[in-house]
Amino acid sequence: KQEVTQIPAALSVPEGENLVLNCSFTDSAIYNLQWFRQDPGKGLTSLLLIQSSQREQTSGRLNASLDKSSGRSTLYIAASQPGDSATYLCAVPTDKLIFGTGTRLQVFP
Amino acid sequence: DTGVSQNPRHKITKRGQNVTFRCDPISEHNRLYWYRQTLGQGPEFLTYFQNEAQLEKSRLLSDRFSAERPKGSFSTLEIQRTEQGDSAMYLCASSLDGLQGTGNTIYFGEGSWLTVV
């Protein structure tokens with residue numbers, strides 16, 4: 001049974017810092033891994049989808065890496081801004097998505 | 001707006017009442033998913049449909065919960081005899097096809113908040 005965990009559960013940093021969010025999964029036989037952003041009380045917005053054949057995927061200040069063999073993915077946020085404050089969730093697909101518990105990020109000015 | 005639409009966005013109900021949520025997926029998407037999310041937790045899978053067929057139901061979906069997707073278009077999630085523990089956000093999502101090996105992206109609605117008092 002696939003299980004996904006995320007650390008840290010919460011993070012509070014000053015503006016401008018570079019951040020690393022961690023995601024681990026127990027079954028390395030995954031097809032892809034997806035990172036989402038969730039603003040308070042809102043639905044989920046897809047940020048990055050990494051195929052199993054890829055090691056990295058980049059979008060603007062966001063970079064996600066995937067290491068299937070170790071069952072890990074990291075989301076790197078460069079030069080964080082207050083607008084990055086949200087919950088970040090990683091998920092892996094079976095016939096549906098299995099989510100981690102998320103990392104609540106607060107970036108203060 | 002061609003995204004996933006959920007209604008109502010907020011519902012407050014008394015314990016013991018029935019509630020129904022509706023989800024309109026992206027029109028060409030064959031798969032439709034329901035998730036439940038409580039504060040501080042990631043979304044938990046409830047059920048999903050391939051067109052009109054309900055292919056999987058989580059153990060979280062007690063006999064008070066029922067979901068339908070008539071004609072493979074919109075879906076409804078009904079909760080009968082609501083309990084305070086049902087208070088959560090109910091998320092609907094859709095995808096063109098399966099999520100494995102195809103890189104299909106899943107799209108989420110804004111969610112329906114349920115508060116049972």
Side-chain angles (χ1 to χ4, degrees), chain A residues 1-11 21-25 27-54 57 59 64 66 68 86-106, chain B residues 1 3-7 9-10 21 23 25-26 30-50 53-61 88-115:
Chain A
K1 177 186 173 186
Q2 180 71 270
E3 294 183 0
V4 182
T5 55
Q6 292 185 247
I7 54 171
L11 191 58
L21 309 183
N22 296 292
C23 171
S24 60
F25 44 94
D27 185 349
S28 62
I30 62 170
Y31 290 90
N32 57 62
L33 183 143
Q34 201 161 358
W35 283 92
F36 292 87
R37 169 183 172 138
Q38 186 175 33
D39 292 295
K42 300 290 188 179
L44 281 67
T45 300
S46 179
L47 296 173
L48 292 163
L49 186 151
I50 315 175
Q51 301 288 357
S52 61
S53 58
Q54 297 175 314
Q57 189 71 257
S59 176
L66 176 63
K68 283 181 55 177
T87 296
Y88 292 82
L89 294 150
C90 68
V92 295
T94 54
D95 43 4
K96 67 271 188 185
L97 281 184
I98 308 297
F99 284 89
T101 52
T103 295
R104 293 190 310 280
L105 172 64
Q106 182 182 8
Chain B
D1 185 10
V4 178
S5 177
Q6 293 189 244
N7 289 288
R9 291 292 318 281
H10 301 273
F21 298 112
C23 173
I26 294 173
N30 297 317
R31 292 216 173 176
L32 186 148
Y33 311 81
W34 284 99
Y35 285 81
R36 180 173 70 185
Q37 187 178 24
T38 54
L39 286 175
Q41 300 296 316
E44 297 173 294
F45 170 76
L46 293 178
T47 187
Y48 85 94
F49 294 83
Q50 171 78 26
Q54 188 173 19
L55 297 187
E56 186 175 346
K57 292 170 59 174
S58 163
R59 288 192 302 273
L60 294 174
L61 214 66
M89 181 163 68
Y90 291 85
L91 287 161
C92 178
S94 71
S95 64
L96 183 60
D97 211 326
L99 300 176
Q100 298 186 68
T102 60
N104 270 330
T105 300
I106 186 170
Y107 296 86
F108 282 83
E110 289 291 298
S112 292
W113 279 102
L114 173 64
T115 302

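First the proteins, then the strands, lettered A, B, ... as listed; each starts at 1.
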Nearest atoms (heavy-atom pairs only) where [X] meets [Y]:
| X | Y | answer |
| --- | --- | --- |
| A/Gly43 | B/Leu91 | CA-CD2, 4.0 Å |
| A/Lys42 | B/Met89 | O-CE, 3.4 Å |
| A/Thr101 | B/Gln41 | CG2-OE1, 3.8 Å |

Working to the nearest 0.5 angstrom, can you tell me the gap between [X] [atom1] and [Y] [atom2]?
| X | Y | atom1 | atom2 | answer |
| --- | --- | --- | --- | --- |
| B/Ile106 | A/Leu97 | CD1 | CG | 4.5 Å |
| A/Ser46 | B/Tyr107 | OG | OH | 7.5 Å |
| B/Thr105 | A/Asn32 | OG1 | CG | 8.5 Å |

*So which residues of residues 43-50 of chain B are in contact with chain A at a heavy-atom cut-off of under 4.5 Å?*
B/Pro43, B/Phe45, B/Tyr48

*Quick one: list whatever passes side chain to side chain donor-acceptor pair (under 3.5 Å) with B/Tyr33, sequence neighbours left out.*
B/Ser95

*Where on A/Leu89 is there a heavy atom nearer than 4.5 Å to chain B: the side chain, the backbone, both, or neither?*
side chain

*A/Gln6 portion near chain B, given a 4.5 angstrom heavy-atom threshold*: neither

*Between A/Ala10, A/Ser52, A/Ser53, A/Gly41, which shows the greatest number of heavy-atom pairs under 4.5 Å with chain B?*
A/Gly41

*Among all residues two or more places apart in sequence or in another chain, which pass the salt bridge (charged side-chain N to carboxylate O under 4.0 Å, His left out) test with A/Arg37?*
A/Asp39

_salt bridge (Lys or Arg N to Asp or Glu O under 4.0 Å) partners of residues 32-42 of chain B, not counting sequence neighbours, each pair once_ = none

